[in-house]
Structures are given as C-alpha cells and as structure tokens.
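Report on the following structure.
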2 protein chains.
Amino acid sequence: MEPGGTRISQLRRGVLEFCVLALLAEAELYGFDLVRRLSDVEGLVTSEGTIYPLLSRLRREGWVTTTWAESESGPPRRYYALTEDGRRALGGFTEDWERFRDSVDQLLLKGKP
Amino acid sequence: MEPGGTRISQLRRGVLEFCVLALLAEAELYGFDLVRRLSDVEGLVTSEGTIYPLLSRLRREGWVTTTWAESESGPPRRYYALTEDGRRALGGFTEDWERFRDSVDQLLLKGKP
DNA sequence: TCGGGTACCGTGCAACGCATGGAACCGGGT
DNA sequence: ACCCGGTTCCATGCGTTGCACGGTACCCGA
C-alpha cells in the first residue's frame with residue numbers, strides 16, 4: 001500500500017506525538033515498548049520507523065530526557081522521561097484537542113445521534 | 001510563522017476534507033462560502049489556499065460534482081454537490097473518526113475526568 | 001551456527017495544510 | 001473618471017510528519 005495512503009494515518013498527524021507524551025506521563029518507557037503499547041490502542045498502531053524520529057524530535061524540543069539502562073534480553077534500552085516543559089506542552093495540547101474534537105463532532109455527527 | 005507550524009494545523013490533516021463533505025451533505029456550497037463557514041467553527045479556520053486544492057481532490061475522487069452559477073456581487077461561483085460515493089466516504093470516515101477520537105481521549109484524559 | 005526476538009537508528013518518499021500571488025468581476029468613494 | 005476594497009476563482013512551492021525500508025548489534029535456543 002502507498003505510504004500515508006490510509007485515512008487513519010492522516011488522523012495520527014500531530015496527535016501521535018502527544019499520545020507518546022501521555023504514556024510517558026505515567027511511567028518512563030523505552031522506544032520499542034512504546035510501539036507495543038500504542039499497538040494496543042485502536043487506530044494508533046505504528047512502527048519503529050515512526051517512533052524513533054518522533055522521539056528525537058521530543059528530545060530536541062526538550063520535552064523528554066533519556067537515560068540508558070541494561071536489558072536482560074537484548075541490547076541496552078534508552079528510557080524516556082517527561083520534563084516539566086513536556087508536561088506543559090501535553091497540557092496545552094490536551095485543551096486544543098478537546099476543542100478540536102468537539103468541533104469535528106459537531107460537524108460530522110449533525111443528524112446522527 | 002512557519003507553515004504547518006502550529007499544533008492545530010497538524011490536527012486538521014485528513015479531517016478538513018471530511019468536514020467539507022459534511023457541510024456539503026446539507027447544502028450545495030461554493031468555495032469562498034466554505035472558507036467562511038469553516039471560520040465559524042473553532043479550530044477549523046482555514047484559507048482559500050487550503051480549500052481550492054482540497055476541492056480539486058474531492059472532484060478528482062468523484063466525491064463531488066460542480067455547477068456554475070452567476071453571482072450578484074462578483075465573479076461566477078462554482079457550487080459543489082455531494083455524490084453518492086462522497087456520501088459513502090463520509091460515512092466510512094465518520095466511523096473511523098469515532099474510534100480514533102475515543103482512543104485519543106482514553107490516552108489523553110486518563111486521570112483528569 | 002544460525003535464525004528469530006529484542007532494541008536502537010537514519011534516509012527518502014508522499015500527503016496535505018498553508019503562505020503567497022495572480023486573475024477577473026463588481027460597486028462605492030473621491 | 002479612477003482607484004480601492006470586497007468577492008470569487010485558481011496554481012505553485014514549502015514545511016511537517018507518518019511510514020516503508022534498510023542497517024547495526026545483542027542475546028538465546030535449536
């Protein structure tokens with residue numbers, strides 16, 4: 001299938017980033033684990049090719065910090081932790097999301113309750 | 001500001017298209033009017049530079065048909081009408097949107113009811 | 001020793017919103 | 001008579017970001 005060809009992958013744009021922040025708000029996680037956790041959520045399935053560039057961006061923005069830790073079953077893991085800036089960004093986005101979601105609902109579900 | 005630089009403009013991706021279809025599901029409208037109507041909805045403000053390429057896509061997909069009509073106050077208008085295919089596409093997306101919205105809500109609002 | 005699971009990462013493409021700019025028509029103010 | 005602003009259409013190019021693809025390296029069981 002052509003890349004970005006599905007409707008859903010367009011929906012993910014700009015949201016995935018903050019879904020990752022939301023997961024990191026509860027616990028420090030590493031990249032590979034984030035992929036697995038997102039796969040458990042309908043419509044958010046993604047791959048390493050998406051996650052790692054995304055995590056690099058988050059680091060560049062100063063929204064996460066990272067620490068290395070050994071693993072018992074493979075190469076070392078890089079754990080990501082939310083910064084105070086990251087928490088603020090997540091809060092700001094959440095407000096934007098709620099407004100946006102309501103607007104789209106209003107247009108899309110007008111006539112089908 | 002850099003284009004596409006805001007969080008919101010990324011959210012609009014892939015959604016705007018179907019918001020336009022939703023508006024056309026109620027009445028035939030022309031491009032300039034669509035811009036005004038979307039500006040009335042929080043988070044969906046857009047411009048002609050966005051709408052016209054989008055409408056071209058919809059035509060190419062066969063989701064809308066167009067008819068010209070004179071205007072009393074300016075150049076002629078091109079009115080857009082939803083096709084049966086367009087209505088089906090809108091229905092399909094609406095289902096996808098509901099699932100996606102619930103997933104994001106679940107992640108983002110976990111802990112803040 | 002060899003394959004498969006774990007774990008990291010970069011490069012290049014495609015989609016789409018938007019800034020920018022251009023064209024043509026109309027009416028009102030100076 | 002002339003220009004300016006509103007209306008209405010459209011095309012071109014850029015930036016962001018998800019994803020396909022490919023690469024490296026470690027560990028373990030068959």
Side-chain angles (χ1 to χ4, degrees), chain A residues 1-21 28-39 43-61 66-80 93 100 104, chain B residues 1-21 28-39 43-61 66-80 93 100 104:
Chain A
M1 185 185 312
E2 330 83 68
T6 68
R7 291 188 295 234
I8 304 285
S9 56
Q10 289 300 321
L11 281 184
R12 280 190 271 270
R13 289 215 160 225
V15 179
L16 207 49
E17 195 173 343
F18 295 95
C19 289
V20 166
L21 288 184
E28 298 191 19
L29 300 170
Y30 56 98
F32 202 76
D33 195 20
L34 278 164
V35 173
R36 272 189 307 231
R37 294 190 185 230
L38 288 170
S39 296
L44 292 179
V45 203
T46 188
S47 70
E48 303 169 63
T50 300
I51 281 295
Y52 288 111
L54 188 155
L55 289 170
S56 297
R57 279 200 311 273
L58 296 183
R59 230 183 320 158
R60 214 178 309 131
E61 298 283 338
T66 71
T67 50
W68 286 96
E70 299 293 326
S71 164
E72 303 152 357
S73 61
R77 298 164 175 170
R78 196 208 277 266
Y79 281 86
Y80 293 79
F93 176 80
F100 177 77
V104 176
Chain B
M1 185 185 313
E2 330 81 71
T6 68
R7 291 189 297 234
I8 305 285
S9 56
Q10 290 300 325
L11 280 184
R12 279 190 271 270
R13 287 208 163 232
V15 179
L16 208 49
E17 194 173 344
F18 295 95
C19 289
V20 167
L21 288 185
E28 298 192 19
L29 299 170
Y30 56 98
F32 202 74
D33 195 19
L34 278 164
V35 173
R36 274 191 305 233
R37 291 190 187 231
L38 288 170
S39 296
L44 291 179
V45 202
T46 187
S47 71
E48 305 168 60
T50 300
I51 282 295
Y52 287 111
L54 188 156
L55 288 171
S56 296
R57 274 200 318 271
L58 295 184
R59 230 184 321 159
R60 215 178 309 130
E61 298 284 337
T66 71
T67 50
W68 287 96
E70 299 295 325
S71 163
E72 304 153 354
S73 60
R77 299 165 173 168
R78 195 207 278 264
Y79 280 86
Y80 293 80
F93 175 81
F100 177 78
V104 176

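Numbers restart at 1 for each chain; the letters A, B, ... are given by sequence-line order, proteins then strands.
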Heavy-atom donor-acceptor pair, A/R12 side chain to A/G43 backbone, under 3.5 Å: yes
Touch class at under 4.0 angstrom, heavy-atom based, for A/G49 against every strand present: base
A/L54 side chain near A/T46 side chain, heavy-atom distance below 4.5 Å: no
Phosphate-side-chain proximity, A/R57 and D/dT17, N/O vs OP1/OP2 below 4.0 Å: yes
Sugar-phosphate only, base, or nothing, as touched by A/F18 at under 4.0 Å among non-hydrogen atoms: nothing
Nearest-angstrom distance from the residue atom CG of B/L55 to C1' of C/dC18: 15 Å
side-chain N/O A/Y52 vs C/dG10 OP1/OP2, d < 4.0 Å: no
Distance test, side-chain N/O of A/R36 to OP1/OP2 of C/dA7, below 4.0 Å: yes
B/I51 side chain reached by B/V20 side chain, heavy atoms, under 4.5 Å: yes
Nucleotide C/dA7, atom P - distance to CD of A/E70 in whole Å: 12 Å
Nearest-angstrom distance from the residue atom CG of A/L16 to P of D/dC19: 7 Å
Under 4.0 angstrom between A/R77 side-chain N/O and C/dC9 OP1 or OP2: no
Among D/dT7, C/dT11, C/dT6, the nucleotide that comes nearest once only the side chain of A/P53 is considered: C/dT11
Heavy-atom closest contact (A/L38 atom, A/C19 atom, distance): CD2-CB, 4.4 Å
Show each protein N/O and nucleotides 26-30 of chain D N/O combination with a separation under 3.5 Å, one pair to a line.
none

Side-chain N or O of A/S9 closer than 4.0 Å to phosphate OP1/OP2 of D/dG18: no
A/R59 side chain, from C-beta outward: closest of D/dT17, D/dT8, C/dC9: C/dC9
Distance below 4.0 Å between B/T50 side-chain N/O and C/dC18 OP1 or OP2: yes
Check: B/V15 and A/F100 side chains under 4.5 Å, non-hydrogen atoms: yes
Geometric class of the B/Y30/B/Y79 ring pair [parallel <30°, tilted 30-60°, perpendicular >60°]: perpendicular
Atom-to-atom span, CZ of B/R12 to P of D/dT16 - whole angstrom: 16 Å
B/F32 CZ - D/dC10 P separation (whole Å): 13 Å
d(CG, A/D33; C1', C/dC8) in whole Å: 14 Å
Any B/F93 side-chain heavy atom under 4.5 Å of B/E17 side chain: no
d(CD1, B/I51; P, C/dA19) in whole Å: 13 Å
Separation of B/E61 CD from B/L58 CG (nearest 0.5 Å): 8.0 Å
Under-3.5 Å donor-acceptor pair between A/R78 side chain and C/dA7 base: no
Euclidean distance, atom CG of residue B/L58 to atom P of C/dG17 [Å, nearest integer]: 10 Å
